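To keep things clear, I will list the structure first and then write my remarks on it.
Numbers here simply count residues along the sequence, with the first being 1. Treat the numbers as computed from the prediction; the structure is a model and nothing was measured. Remember, it's 1-based here, ligands and their atoms both numbered in the order they're listed.
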Amino acid sequence: MQFTFVTLFFNLVEGYFQDSILKRAIDKNLISIDSLDPREFSTNKHHKVDDTAVGGGAGMVMNPQPLYDALDSLKEKDEHVHIVFMTPVAKPFTQNDAKRLAKKEHIAFVSGRYEGIDERVIEAYADEVFSIGDYILTGGELASLVVCDAVSRNIQGVLGNSDSLSVESFETPLLEAPAFSKPKNFRNIGVPSEYLKGNHSKIRSLKLELSECKTKYFRPEQLLKHRIRTSYEK
Ligand code: ADE
């Protein structure tokens, strides 16, 4: 999978791939990253990429020209590139999107800065538009990394143990049960005794109960989804 980051600040992005799982994925040629800087495409003599908003309003908006030219050059090189814009004005990104996007061959993330991107660019080039949550970041770079990370770990071979994909939160509507590592007693605090007894069917049913408790507390709407789904399965 090729990821292209269309950003004025690739420095913000690059560091994330210099360690741990995504570095290993690059070393194993499972993913690769590159960048495209809209500023390099600006025809303005000062390489300006933003301007005040037409119609007024606070802040600067990214001009269409540098982005049009940058994205045209990207599409000339790969007409099948899947172009994703990161903005708070969009559909919330989910685990299902991560799994679906993991099947693509080339994804480009377009990150806005300032007050946003001229809407004409989004209309002309976006295959999809995602928000990573109901808050405003200073730019789309962090949001692109979030999506890229979530997509990458769904690419075959990126995670060491592919089992870890199927049981985790959001593969079902329930949040994951709490996990514990060694020692079994730490500062006089133990782990649930059922976890220690080795009866896997009992451990499974305790984990389900704990999952339901966590979900009820943190994400009650997800518990409802789970109950509806399991009532159909009965
Ligand atoms: N850019 C700024 N805030 C964002 C958000 N919440 N999601 C995606 N892109 C963004």
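Counting heavy atoms from C-beta outward, E141 and M86 have side chains that stay 4.5 Å or more apart. Side-chain contact check for S35 versus V13: every heavy-atom pair is 4.5 Å or farther apart.
Considering only residues two or more places apart in sequence or on other chains, Y68 meets the ring pair (Phe, Tyr, Trp, His ring centres under 6.0 Å) condition with Y125. With sequence neighbours excluded, the residues that form a ring pair (Phe, Tyr, Trp, His ring centres under 6.0 Å) with F180 are Y195.
In the hydrophobic clustering, where aliphatic and aromatic side chains (Ile, Leu, Val, Met, Phe, Trp, Tyr) are joined below 4.5 Å either directly or transitively, V61 stands alone.
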Please produce the table of protein N or O atoms sitting under 3.5 Å from N or O atoms belonging to ligand 1, one pair a line, distance to 0.1 Å.
{"residue": "ligand 1", "atom": "3 (N)", "partner": "L137", "partner atom": "N", "Å": "3.0"}
{"residue": "ligand 1", "atom": "6 (N)", "partner": "G133", "partner atom": "O", "Å": "3.2"}
{"residue": "ligand 1", "atom": "6 (N)", "partner": "Y135", "partner atom": "O", "Å": "2.8"}
{"residue": "ligand 1", "atom": "7 (N)", "partner": "I132", "partner atom": "N", "Å": "3.0"}
{"residue": "ligand 1", "atom": "9 (N)", "partner": "T87", "partner atom": "N", "Å": "3.2"}

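L175 and L206 fall into different hydrophobic clusters, defined by Ile, Leu, Val, Met, Phe, Trp and Tyr side-chain heavy atoms under 4.5 Å apart, directly or through other members.
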